[in-house]
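Quick caveat: nothing in here was measured; it's all calculated off a predicted structure.
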Amino acid sequence: MDALAPAPRPAYRVRLSSWTCSFRYPNLISGFQPTLHVPPLSTVLGLLNAAAGRYLPHQQLELGYVFDFAGLAVDVETIWMVAGAKRKNAQKEDVVVASNNVKSNPVRREFLFEGHLTLYLFDEALAAAFRQPAYQLLLGRSGDLATVDDIRQVTLHPVAGPARLRGQVVPLHPYYLPGQVQALPQYFTNTLPRQNLGTQAYSVLSPREAAVEAAVPAWYDADARDEAAAQRRQQVGSRPEAPDIFLHQLQLAAYAAAG
């Protein structure tokens, strides 16, 4: 290995799965609701908060993750919309309360089936929180309950040459990878109303598309590669693979006061 190449490093791998997942497009409020094929960083950081049982005001954070799913479908659900009405409270102030004016609004919504999220962390305390999560873990909405399947320490190795990436989000600048481009938040405040933090453009690399090969700094999980190779040998026609991993370097010091 090149003397200048980074050395292998230990990491904590957390694997989660969910029967259904949905990651709503930003800024789409009504009408047909498509889903992103990969959870944004804000969803992953929300999982960390749920596992820890509190809002984590990270100064800085390094993590990587890979997502995959078995299928995509469209559901029709009914949203009940309750109109507001002005009333006087005990202090004679105008307040808005729910009225008896209710109407239904059928909405077509995409969802993903059998989602699998592999999360790589470098903070032992964050990984340990997934052993006994304080709150429900969700891969999307309140019905998209996730299960922790496995937690273990692994070794990540630097990728020599072009990386093969899929099932991830990668900042558009400076890599400019092909894929769907979306402006996604990194995090949210814990205030009401919540505020987006660190929104920027990302390339969303769908796990349903071929892996993108690019000169991007990345790492690989040797154990995951071995598992994928063994599965290919055991199942005729099976083509599982372990994509390389892009590590996000989040600088969140400016947001620490929000905690």
Give the other cluster members for L138, using side-chain heavy-atom distances under 4.5 Å between Ile, Leu, Val, Met, Phe, Trp and Tyr residues; answer none if it is isolated.
->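 For the cluster that includes L138, the remaining residues are L145.
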Criterion side chain to side chain contact (heavy atoms under 4.5 Å, CB included) on L36 and Q182, from CA distance to verdict | CA-CA 9 Å; L36 296 169; Q182 288 284 341; 3.9 Å; yes
Short question: side chain of [X], backbone of [Y] - any donor-acceptor pair under 3.5 Å?
| X | Y | result |
| --- | --- | --- |
| T189 | Q195 | yes |
| N196 | T199 | no |
| T147 | D149 | no |
| S203 | L177 | yes |

Check ring-ring contact (aromatic ring centres under 6.0 Å, His included) between [X] and all other residues, then give those that pass, not counting sequence neighbours.
| X | result |
| --- | --- |
| Y220 | H157 |
| Y135 | none |
| F246 | Y175, H248 |
| F67 | F23 |

What residues form a salt bridge (charged side-chain N to carboxylate O under 4.0 Å, His left out) with R9, not counting sequence neighbours?
->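 Scan of R9 (salt bridge (charged side-chain N to carboxylate O under 4.0 Å, His left out), adjacent residues dropped) gives E62.
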Output all residues satisfying salt bridge (charged side-chain N to carboxylate O under 4.0 Å, His left out) with D144, sequence neighbours left out; order by chain, then residue number.
->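 Once residues adjacent in sequence are excluded, D144 has no partner under the salt bridge (charged side-chain N to carboxylate O under 4.0 Å, His left out) criterion.
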Going by atom types only, do Y25 and Q180 share a side-chain donor-acceptor pair under 3.5 Å?
->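 Side-chain D/A pair, Y25 to Q180: present.
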Salt bridge (Lys or Arg N to Asp or Glu O under 4.0 Å) assessment of R108 paired with D75 | CA-CA 6 Å; R108 297 175 66 246; D75 188 21; over 6 Å; no
When you look at R15 and V148, which way does the side chain to side chain contact (heavy atoms under 4.5 Å, CB included) test go after all the steps?
-> CA-CA 6 Å; R15 284 177 167 167; V148 178; over 6 Å; no
Does any pair with a residue in residues 96-128 pass ring pair (Phe, Tyr, Trp, His ring centres under 6.0 Å), and if so which ones, sequence neighbours excluded?
->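 Not a single pair qualifies under ring pair (Phe, Tyr, Trp, His ring centres under 6.0 Å).
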By side chain to side chain donor-acceptor pair (under 3.5 Å), which residues pair with D223, not counting sequence neighbours?
->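 Scan of D223 (side chain to side chain donor-acceptor pair (under 3.5 Å), adjacent residues dropped) gives none.
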What distance do [X] atom [atom1] and [Y] atom [atom2] have between them, rounded to the nearest 0.5 Å?
| X | Y | atom1 | atom2 | value |
| --- | --- | --- | --- | --- |
| Y65 | L16 | OH | CG | 13.0 Å |
| Q200 | L41 | CD | CG | 8.5 Å |
| Q186 | L61 | CD | CG | 10.0 Å |

Got P8 and W219 here, is their nearest side-chain heavy-atom distance under 4.5 Å?
->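 Not in contact.
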Indicate yes or no: at least one non-hydrogen side-chain atom of L48 is less than 4.5 angstrom from one of L119.
->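 A side-chain contact exists here, since the closest heavy-atom pair is under 4.5 Å.
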Side-chain heavy atoms nearer than 4.5 Å, only ILVMFWY residues, links allowed to pass through others: does that put [X] and [Y] together?
| X | Y | result |
| --- | --- | --- |
| L139 | V14 | yes |
| L172 | L247 | no |
| V66 | L126 | no |

For E213, all residues meeting side chain to side chain contact (heavy atoms under 4.5 Å, CB included), sequence neighbours excluded =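 Counting only residues at least two positions away or on another chain, E213 forms a side chain to side chain contact (heavy atoms under 4.5 Å, CB included) with R164.
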For residues 118-142, which residue pairs qualify under salt bridge (Lys or Arg N to Asp or Glu O under 4.0 Å), counting only residues two or more places apart or in two chains?
->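 Listed by first then second residue: E77-R141.
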Provide the full list of salt bridge (Lys or Arg N to Asp or Glu O under 4.0 Å) pairs with a residue in residues 191-203, sequence neighbours left out, each pair given once.
->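 Matches after skipping sequence neighbours: none remain.
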Test side chain to side chain contact (heavy atoms under 4.5 Å, CB included) applied to R109 and S22, step by step = CA-CA 9 Å; R109 181 177 64 85; S22 57; 3.4 Å; yes
Just do the side chain to side chain contact (heavy atoms under 4.5 Å, CB included) check on Q33 and E110 with the steps written out, would you?
-> CA-CA 6 Å; Q33 295 186 1; E110 279 187 334; over 6 Å; no
Start with the C-alpha gap between D244 and R166, add the side-chain angles, then the distance that decides, and say whether salt bridge (Lys or Arg N to Asp or Glu O under 4.0 Å) holds.
-> CA-CA 8 Å; D244 298 327; R166 64 187 299 192; over 6 Å; no
Determine, using ring centers only, whether Y55 and Y187 are less than 6.0 Å apart.
->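 Ring centres of Y55 and Y187 closer than 6.0 Å.
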